[in-house]
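Some notes on the structure that comes next.
Just so we're on the same page: letters track the sequence lines, and every chain starts at 1. Note that the structure is predicted; figures quoted are calculated from it, not measured.
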Number of protein chains: 2
Amino acid sequence: MSVRHALLGFLAEEPASGWDLTRRFESTLGAVWPAGHPQIYGELRKLHSEQLIEIRDHGPRGRTVYGVTEAGEKEVKRWLTSVEVDHTMRLEPILRSAFFWLMSPQELSEHLGREADHYRKVADTYRDLAEAKDRGDFGDSAQTRSLRIAAEAAVRVNDALAQWAIWAQEGTHG
Amino acid sequence: MSVRHALLGFLAEEPASGWDLTRRFESTLGAVWPAGHPQIYGELRKLHSEQLIEIRDHGPRGRTVYGVTEAGEKEVKRWLTSVEVDHTMRLEPILRSAFFWLMSPQELSEHLGREADHYRKVADTYRDLAEAKDRGDFGDSAQTRSLRIAAEAAVRVNDALAQWAIWAQEGTHG
DNA sequence: ACGGGCATGTAAGCGGTTACATGATTCG
DNA sequence: CGAATCATGTAACCGCTTACATGCCCGT
């Protein structure tokens, strides 16, 4: 149910259409919680039927701009403060590591090199984003500061995994 | 499809029943890829019907011990070496951070304190496990070394998130 | 002998993805 | 005006979770 509440959160910032929200999701939270447009459009319909969001405007090709209702804003806050945090992690690359013994040393070393590359790249992307936010490129609203914190998490987690891959690669002394 | 291949991987190590595999999964990969017993039993049935695993023994209460077949072992190796790694992350706690601006400074500070505690605890658990493995408490097989690598990842990711929460909490200067 | 946990399993439902479909707009 | 892209939506499927069901084994 995370997408649901994230949509309410985004709409609490400013009204937006399904498309806007899809891009917003992708650019700010894609690294930690992907959500495709089919899910977003579907969720918006449900949220509207429950009157947690309302239609604010109509645009060109059936574009529907939603805004959060009072009930909706109350619901996000309830989620943030009262609903237990879900700490579930699903990291396929780590799952794979439990079976590294089935790979040849060479395959493994190459695999770990590619993994390190990948994580370094993602970390760098979010590092740039974080630096841009620190420079004030996105203003200095409370919302921007929150996204800055999310970006920091992306940087730290991906850095940690990059370092892990390098550490593991050294263990193969290849 | 990760559970599927993880089961093949575990069975490549030694034959086991659904129950054995459930506990094995939980104790070694629970932190990075949870899998409940209904999923595991179901997957075993499918793997058996595809002849990737075979029945090796029957025990007390309908206990069925499976072992991997040649085709099964080939399939895990194919997965490890040829199937693209899925880097998808789903970290609800980071998703939430994008909406921290909807929380009061006090709520937020307390929230981050609880988060840091949580991650520290998980990291410590896997640190202990890793140290036990380094002491040789689980022998020194290739399989153990792989699980050691997985444990290291759990330590590093959870440490990173604990430090992140503390960093964010300092930003609230609360 | 019986109560509580062990071990196995099934069924329904849900969140999320993939694939498909379609009209609107913009640009060359 | 036609092609490519924008934007919106639906339908089917799949992995996974939740809830339920059941028999077996062990300790007291």
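If you measure from atom CG of B/D20 to atom P of C/dG9, you get 12 Å, rounded to the nearest angstrom. Per the geometry, NZ belonging to A/K46 stands 14 Å off C1' belonging to D/dT10, to the nearest Å. Counting to the nearest Å, the C1' atom of C/dG15 and the CD atom of B/E92 are 13 Å from each other. As a whole-Å value, the separation of A/L44 CG from D/dA7 P is 15 Å. The distance from atom OH of A/Y41 to atom P of C/dT22 is 17 Å, rounded to the nearest whole Å. Rounded to a whole Å, the CD atom of A/E43 is 12 Å from the P atom of C/dC14. Look at CD on B/Q39: it is 19 Å from P on C/dA12, rounded to the nearest Å. Between the OH atom of A/Y66 and the P atom of D/dA7 there is a distance of 16 Å, given to the nearest Å.
In this model, the phosphate group of D/dA7 is not approached by any side-chain N or O of A/T22 to a distance below 4.0 Å at OP1 or OP2. Residue B/R23 has no polar side-chain atom (N or O) positioned under 4.0 Å from OP1 or OP2 of C/dC6.
In this structure, A/F100 and A/H111 have perpendicular ring planes: the angle between them is above 60°, well past the 30° mark. Ring orientation note: the planes of B/F99 and A/F10 are nearly perpendicular, at an angle over 60° on the 30°/60° scale.
Side chain of A/W19, nearest nucleotide from D/dT17, D/dT8, C/dG16: D/dT8. Taking every side-chain heavy atom of A/R90 into account, D/dT17 is the closest of C/dG16, D/dT17, C/dT17. Counting only heavy atoms from C-beta on, B/T64 has its side chain closest to C/dG9 among C/dG9, D/dT8, C/dG16. When distances are taken from the side chain of A/P38 to each of C/dT18, C/dG16, D/dT17, the shortest belongs to C/dT18.
A side-chain donor from one of A/Q106 and A/E110 sits under 3.5 Å from a side-chain acceptor of the other.
As judged by a 4.0 angstrom heavy-atom cut-off over every strand, B/S2 is placed among residues making no nucleic acid contact.
Residue order along DNA chain C, read from the 5' end via each residue's closest nucleotide, puts A/H37 first among A/G62 and A/H37.
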Start with the C-alpha distance between B/L95 and A/F25, add both sets of side-chain angles, then the distance that settles side-chain contact (heavy atoms from CB on, under 4.5 Å), and finish with yes or no.
-> CA-CA 10 Å; B/L95 178 89; A/F25 226 107; 4.2 Å; yes

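Within the cation-pi definition used here (under 6.0 Å to the ring centroid, within 45° of the axis), A/R4 does not qualify as a partner of A/W79.
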